[in-house]
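Beneath this line is the structure, given in structure tokens, with notes to follow.
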Amino acid sequence: MNDTTITDATTDTTSKPDLPDRLCVNPRSKHYNAEVFKHDVGIRLNGKERFDVEEYCISEGWVKVAAAKALDRRGQPLLMTVKGTVEAFYR
């Protein structure tokens with residue numbers, strides 16, 4: 001029984017995919033990646049962790065966050081762009 005425990009632990013290594021330069025939480029977006037969202041992703045903007053990010057782009061240095069309770073004509077939240085130094089990481 002002890003040998004199977006060791007074998008299970010060594011085969012249980014799950015590799016996380018690399019985080020893309022641009023990622024969106026909306027499944028209808030072309031920047032949505034379901035493989036990345038199987039893991040918990042964190043975003044830092046200017047060194048401070050944000051929990052309300054809808055989309056980010058590391059190379060261009062911006063994140064999009066929902067603007068209060070405002071909705072567009074399709075019922076999706078209106079997004080504001082906030083610029084700064086963006087870092088994406090797995091928690």
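One-based numbering along the sequence shown. The figures that follow rest on heavy atoms only: side chains count, while hydrogens, waters and symmetry mates do not.
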Task: Residue pairs passing the ring-ring contact (aromatic ring centres under 6.0 Å, His included) test where at least one lies in residues 63-88, sequence neighbours excluded - done: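 Residue pairs passing ring-ring contact (aromatic ring centres under 6.0 Å, His included), neighbours aside: none found.
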TODO: Please list all pairs passing the ring-ring contact (aromatic ring centres under 6.0 Å, His included) test where one or both residues lie in residues 64-87, with sequence neighbours left out.
DONE: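 Every pair satisfying ring-ring contact (aromatic ring centres under 6.0 Å, His included) with a residue in residues 64-87: there are none.
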With a cut-off of 3.5 Å and sequence neighbours excluded, list every side-chain donor-acceptor pair involving residues 70-82.
| from | atom 1 | to | atom 2 | distance (Å) |
| --- | --- | --- | --- | --- |
| Asp72 | OD1 | Arg74 | N | 3.0 |
| Asp72 | OD1 | Gly75 | N | 3.0 |
| Asp72 | OD1 | Gln76 | N | 2.8 |

- [ ] Please answer: with hydrophobic residues joined when any side-chain heavy atoms are less than 4.5 Å apart, are Phe89 and Ile58 in the same cluster?
- [x]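 No, Phe89 does not connect to Ile58 through the hydrophobic network.
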Which donor-acceptor pairs under 3.5 Å do side chains of residues 42-49 form with protein atoms, sequence neighbours excluded?
| from | atom 1 | to | atom 2 | distance (Å) |
| --- | --- | --- | --- | --- |
| Asn46 | OD1 | Thr85 | N | 2.8 |
| Glu49 | OE2 | Arg91 | NE | 3.0 |
| Glu49 | OE2 | Arg91 | NH2 | 3.2 |

Open item on the list: Connecting only ILVMFWY residues whose side-chain heavy atoms lie within less than 4.5 Å of each other, what is the rest of Phe51's hydrophobic cluster?
Closed with: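 ILVMFWY cluster around Phe51 holds nothing else.
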Task: Non-neighbouring partners of Lys83 that pass side chain to side chain donor-acceptor pair (under 3.5 Å), sequence neighbours left out - done: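 Lys83 satisfies side chain to side chain donor-acceptor pair (under 3.5 Å) with no other residue.
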Output a table of donor-acceptor pairs, distance under 3.5 Å, between side-chain atoms of residues 60-67 and any protein atom two or more places apart or on a different chain; print 'none' if there are none.
| from | atom 1 | to | atom 2 | distance (Å) |
| --- | --- | --- | --- | --- |
| Glu60 | OE1 | Trp62 | NE1 | 2.7 |

Open item on the list: Taking ring-ring contact (aromatic ring centres under 6.0 Å, His included) as the definition, give me every residue that meets it alongside Tyr90, ordered by chain and number, with sequence neighbours left out.
Closed with: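 Tyr90 satisfies ring-ring contact (aromatic ring centres under 6.0 Å, His included) with His39 only.
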Task: Residue pairs fulfilling salt bridge (charged side-chain N to carboxylate O under 4.0 Å, His left out) with at least one residue in residues 17-26, sequence neighbours excluded - done: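 Listed once each, the pairs are Arg22-Glu55.
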